[in-house]
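Only one structure is covered here, and it is reproduced in the block below.
Residue numbering restarts at 1 for every chain, and letters A, B, ... go by the order of the sequence lines. All figures in this text were calculated on a predicted structure; none of them were measured in a lab.
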Amino acid sequence: MSIYDTLNEQQREAVYHTEGPLLILAGAGSGKTRVLTHRIAYLIEEKGVNPWNILAITFTNKAAGEMRERVDNLVGFGSESIWVSTFHSTCVRILRRHIDRLGYDTNFTIYDTDDQKTLMRDICKYLQIDTKIYRERNLLAAISAAKNEMISPKEFRLRAEGDFSRQKIATVYEEYEKQMQANNALDFDDLLVKAVQLLKTQPDVLDYYQERFRYIMVDEYQDTNNVQFQFVSTLAAKYRNLCVVGDDDQSIYKFRGADIRNILNFENVFEDARVIKLEQNYRSTSTILDAANAVIRNNRGRKDKTLWTDNGQGEKIEFRQFDTGFDEAEYIVGDIRGHVDSGDCSYNDNAILYRTNAQSRLFEEKLVSANIPYKLVGGVNFYARREIKDLLAYLKTIDNGRDDLAVRRIINVPKRGIGLTSVNRVQEYALQREISFYEAVLGADLIPGIGRGLSRLESFAALIEHFKEEAGRMSILELLEDIIETTGYIEELKTEGEIEAEARIENIDELKNKAADYEEGCHERGETPTLGGFLEEVALVADIDSLDEDSDYVVLMTLHSAKGLEFPHVYLAGMEDGLFPSYMTVTSDNPEELEEERRLCYVGITRAMKQLTLTCARRRMVRGETQYNKMSRFLKEIPMELLSTGMKFEKEEKEEETPRQSSWQQAKQAFHTKAFSSPRPVQQFKVAGGNGPGYDVGDRVRHVKFGEGLVTAIVEGGRDYEVTVEFDKAGTKKMFAAFAKLQKI
DNA sequence: CTCCGGTGCCTTTTT
DNA sequence: GGCACCGGAG
């Protein structure tokens with residue numbers, strides 16, 4: 001019996017089809033990773049393909065790691081020479097060898113989102129852009145979108161002809177690229193863009209990699225964007241052995257430039273492509289699957305497929321509605337506690353999924369007080385924390401003095417009396433001389449008007465030079481420890497005396513561990529650890545990578561992060577219109593946005609293996625304000641007979657979708673519904689709990705001094721209500737109801 | 001130069 | 001509710 005006998009017919013077909021383009025449409029839980037790993041094994045063992053000639057691309061390090069492990073178990077010999085890695089690290093690996101051809105240094109640094117923002121702020125200041133009109137995030141989004149379409153600053157400028165605002169963005173884009181190059185830095189998009197550029201302009205490089213990667217496999221293909229498509233198709237152009245696996249129903253990264261057409265049009269681009277559908281699901285009960293199918297059926301523009309399973313029906317899907325998000329969290333945590341205590345499952349069988357990161361806090365609080373171990377995925381990335389970024393900026397400065405951003409970040413951290421004035425002088429001088437910021441610091445004595453700052457700059461330069469010299473003979477861990485020691489970084493944290501200091505110090509210890517891990521890993525693989533290598537690894541980790549299936553904790557994360565994972569028991573929290581689907585998509589006039597949310601819902605449901613629990617709350621605190629939400633429209637798409645609502649909720653409530661409540665609340669609900677469909681909706685309907693102040697959003701009121709006006713918001717604030725009124729004459733005022741004494745007209 | 005307090009904006013999702 | 005930016009005082 002061979003390892004391939006355990007596959008079903010379609011899976012086996014996909015494994016055996018090794019030559020030419022292949023599209024595997026793999027529904028959720030249909031065993032696509034199994035197919036990929038077995039396919040790799042088959043290529044090597046049955047087709048005699050050299051492992052060296054195989055490239056497998058995933059989106060996250062975690063997925064890459066898992067695939068690597070499974071391939072290792074399947075393939076006896078030579079599996080280590082298969083490239084299994086993410087898009088980004090694949091590109092980095094190529095760029096580290098050849099990017100000098102594009103005018104960059106091979107020890108370029110990688111900018112994360114924070115770095116990009118900092119740079120953009122500087123650029124806006126320098127170009128005197130009014131960031132009230134052109135927001136940094138929008139500028140960055142425009143640049144990212146351009147890069148995803150491989151549009152250069154030059155071309156962007158051409159296309160902006162006659163459009164003032166686009167012209168302005170073009171100017172920013174040009175400057176951004178200029179500075180990135182000057183800093184010898186690449187952002188995430190650049191990694192792909194430059195790699196494609198390299199392949200397209202350097203025939204010998206292209207030839208090398210085309211010869212090398214004769215068999216290419218891409219996972220999660222539905223989430224690829226244009227550059228990624230270019231990258232893959234360019235590499236595969238010669239041998240055409242391109243196998244892509246994906247599920248159009250799980251495409252949830254449009255906001256990041258993912259183009260669902262990559263998968264929908266695969267057969268058109270590669271005319272001889274073979275298409276295989278995997279529709280048998282091995283993960284979930286039929287109840288869960290039926291619910292998922294029922295929801296996704298409401299989307300148009302998808303490849304038709306219906307998942308089926310011969311797993312049993314299993315338990316019904318639990319649905320609960322609560323008064324508040326607080327109650328919701330309490331129920332879920334209590335439910336987990338109950339299941340674990342009764343021995344039904346362990347903590348790591350449970351995942352709590354939600355739409356937005358902000359929702360995690362309530363669960364965290366309840367989990368802590370219930371003494372349940374949990375792992376929070378997402379939110380503030382470890383490497384985005386201030387103390388970590390500071391120390392990494394030291395390492396970056398030591399490794400690549402051309403990264404101005406890093407140097408500027410640490411030049412006065414810990415404080416050494418180098419203020420804004422000195423920094424600006426250095427900056428100006430560097431700009432004039434067209435040298436890097438750090439080079440200017442090195443020659444600080446030549447800077448006009450530097451005055452008192454000189455000695456401080458000199459000692460900073462001496463410090464960095466000292467570290468540079470040490471970096472040559474020390475391990476990364478030792479270097480890190482010396483930086484902390486010599487600069488007095490931790491002392492500085494302590495004197496700040498915040499409660500946070502302790503947590504920050506813990507984080508620093510964690511960073512030291514990561515450095516040690518990295519060096520150990522290198523030694524195991526027989527590689528030499530380098531500072532650049534460490535920085536690169538650190539730049540490309542995603543939070544999800546740290547998830548460990550073997551640790552016994554409850555997992556908390558967004559629906560986006562959950563893609564590709566599975567859990568015996570899934571809690572899908574916050575199933576409310578305005579939250580999920582999000583307010584943005586509910587009010588948008590582009591129905592595609594709602595479809596993406598629905599796919600997200602589909603992803604969420606199909607994460608569950610045995611038991612799915614859906615919850616929502618009638619009111620919830622959002623940004624410190626109470627918000628009232630109806631239950632999610634996606635809930636209504638799930639057939640009633642699949643749901644168990646506990647004893648509290650009756651059938652007609654579900655159909656009416658208005659739970660029993662006071663007539664006052666019902667009136668709110670009615671208004672709320674209207675608000676969503678009105679052409680200019682009132683910003684998120686807000687009301688105070690309890691009895692209300694006697695008037696409501698949308699009412700006309702009279703004030704003794706300001707005259708008549710329209711109530712635009714009522715916010716519960718402690719014992720009183722904060723009322724916002726747009727007065728006809730006096731403008732918009734915020735006031736407390738108890739003092740304002742507003743009369744309803 | 002640094003510290004502190006006030007203001008505004010934010011949140012959809014992330015390699 | 002919280003973070004980041006700005007302006008003013010010491």
Side-chain angles (χ1 to χ4, degrees), chain A residues 57-64 85-92 110-114 116-118 121 124-125 131-132 135-137 140-141 144 148 186-192 220 223-225 227-228 251-258 353-362 377-381 383-384 386 412 414-424 451-453 456 496 539-545 557-563 574 578-588 593-594 596-597 599-601 603-604 621-627 683-684 715-718:
Chain A
I57 302 181
T58 61
F59 271 84
T60 65
N61 295 301
K62 182 173 168 3
S85 71
T86 64
F87 269 107
H88 292 88
S89 16
T90 305
C91 290
V92 169
I110 300 167
Y111 275 8
D112 66 17
T113 331
D114 278 356
Q116 286 179 283
K117 266 191 211 141
T118 312
R121 256 200 306 276
C124 287
K125 247 179 228 154
T131 52
K132 284 265 162 12
R135 303 207 159 277
E136 281 104 337
R137 53 196 337 274
L140 283 168
S144 177
N148 281 338
L186 300 181
D187 61 29
F188 287 132
D189 297 319
D190 284 334
L191 296 178
L192 269 303
E220 307 281 13
D223 286 327
T224 51
N225 61 25
V227 210
Q228 287 161 341
S251 163
I252 54 174
Y253 281 106
K254 188 168 173 228
F255 70 94
R256 207 167 73 188
L353 309 181
Y354 37 80
R355 180 67 238 271
T356 66
N357 278 307
Q359 288 168 258
S360 69
R361 243 193 56 205
L362 282 175
V377 177
V380 186
N381 189 316
Y383 292 102
R386 182 177 56 132
N412 200 30
K415 295 197 178 59
R416 42 177 83 90
I418 304 176
L420 202 63
T421 332
S422 300
V423 169
N424 283 342
R452 256 180 331 142
R456 290 163 180 167
E496 275 176 26
L540 294 179
V541 293
D543 207 38
I544 190 76
D545 298 337
M557 62 185 151
T558 63
L559 289 157
H560 281 88
S561 303
K563 193 186 58 159
L579 188 62
F580 184 41
S582 77
Y583 181 70
M584 306 282 268
T585 55
V586 167
T587 51
S588 161
E593 292 190 22
L594 193 68
E596 175 131 329
E597 294 279 303
R599 289 194 291 270
L600 200 50
C601 183
V603 167
M621 290 285 269
V622 178
R623 295 206 295 258
E625 293 169 349
T626 304
Q627 181 180 304
Q683 278 292 311
Q684 203 66 285
V715 179
E716 192 175 3

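Nearest-nucleotide positions on DNA chain B place A/Asn412 closer to the 5' end than the other of A/Asn412 and A/Ile252. Looking at which nucleotide of DNA chain B each of A/Gly417 and A/Thr585 is closest to, the 5′-most match is held by A/Gly417.
Contacts of A/Phe188 with the nucleic acid, taken as non-hydrogen atoms under 4.0 Å apart, include base atoms. Residue-level contact check: A/Arg416 touches neither bases nor backbone, having no heavy atom under 4.0 Å from any strand. Nucleic acid contact for A/Ile418: sugar-phosphate only, since backbone atoms but no base atoms lie under 4.0 Å from a heavy atom of the residue. Within 4.0 Å (heavy atoms only), A/Leu420 reaches sugar-phosphate atoms of the nucleic acid but no base atom. Counting non-hydrogen atoms under 4.0 angstrom, A/Arg121 reaches the backbone sugars and phosphates but no base.
Neither OP1 nor OP2 of B/dT12 sits under 4.0 Å from any side-chain N or O of A/Arg256. Within the 4.0 Å cut-off from OP1 or OP2 of C/dG1, not a single side-chain nitrogen or oxygen of A/Arg361 is found. In terms of phosphate contacts, A/Asn357 brings no side-chain nitrogen or oxygen within less than 4.0 Å of OP1 or OP2 of B/dT11. At B/dT15, none of the side-chain N or O atoms of A/Asn225 fall inside 4.0 Å of OP1 or OP2 (strictly under the cut-off). Between A/Thr558 and the phosphate of B/dT12, there is no side-chain N or O to OP1/OP2 separation shorter than 4.0 Å. Between A/Lys563 and B/dT13, a side-chain N or O to OP1/OP2 separation shorter than 4.0 Å is absent.
Inspection of the A/Gln359 and A/Thr356 side chains reveals an N or O donor paired with an N or O acceptor under 3.5 Å.
Residue A/Ser561 has its side chain nearest to B/dT14 when only B/dT11, B/dT14, B/dT12 are considered. Listed nucleotides B/dC1, B/dT13, B/dT14 differ in distance to A/Arg355; the shortest reach to its side chain belongs to B/dT13. Between B/dT13, B/dC1, B/dC3, one nucleotide has an atom nearer to the side chain of A/Thr356 than all others, and that is B/dT13. Taking the side chain of A/Arg135 as heavy atoms from C-beta on, and the options B/dT14, B/dC1, B/dC10, the nearest nucleotide is B/dC10.
Only the P atoms considered, C/dA4 is 15 Å distant from B/dT13, to the nearest whole Å.
The ring-ring contact (aromatic ring centres under 6.0 Å, His included) test with A/His560 is passed by exactly one of A/Phe580, A/Phe255, A/Tyr354: A/Phe255.
The aromatic ring of A/Tyr253 does not sit over the base of B/dT13; the criterion of centres under 5.5 Å apart with planes under 30° is not met.
Across the protein-nucleic acid pair, A/Ile110 atom CD1 and B/dT14 atom C1' stand 16 Å apart, rounded to whole Å. Whole-Å rounding puts the A/Gln627 CD to B/dT11 P distance at 15 Å. Atom C1' of nucleotide B/dT13 and atom CE of A/Met557 are separated by 14 Å, given to the nearest angstrom. Here the C1' atom of nucleotide B/dT13 and the CD atom of A/Glu597 are 8 Å apart, to the nearest Å. A straight line from CG of A/Asp545 to P of B/dT15 spans 7 Å, rounded to a whole angstrom. When the P atom of C/dG1 is taken as reference, atom CD of A/Gln359 falls 18 Å away, rounded to whole Å. A/Asp187 places its CG atom 14 Å from the C1' atom of B/dT14, with the value rounded to the nearest Å. Computed from coordinates, the A/Lys117 NZ to B/dT14 P distance equals 13 Å when rounded to whole Å.
Considering all non-hydrogen atoms of both residues, A/Asn412 and A/Gly417 come closest at OD1-N, 3.2 Å. Pairing each heavy atom of A/Glu597 with each of A/Thr585, the nearest pair is CG-OG1, 3.4 Å. Closest heavy-atom contact between A/Leu579 and A/Gly574: CD2-O, 3.6 Å.
A/Thr118 contributes a side-chain N or O that, together with a main-chain N or O of A/Asp114, makes up a donor-acceptor pair within less than 3.5 Å. With A/Asn148 contributing its side chain and A/Gly257 its backbone, the two residues share no donor-acceptor pair below 3.5 Å.
Side-chain atoms of A/His560 and base atoms of B/dT14 include no donor and acceptor less than 3.5 Å apart.
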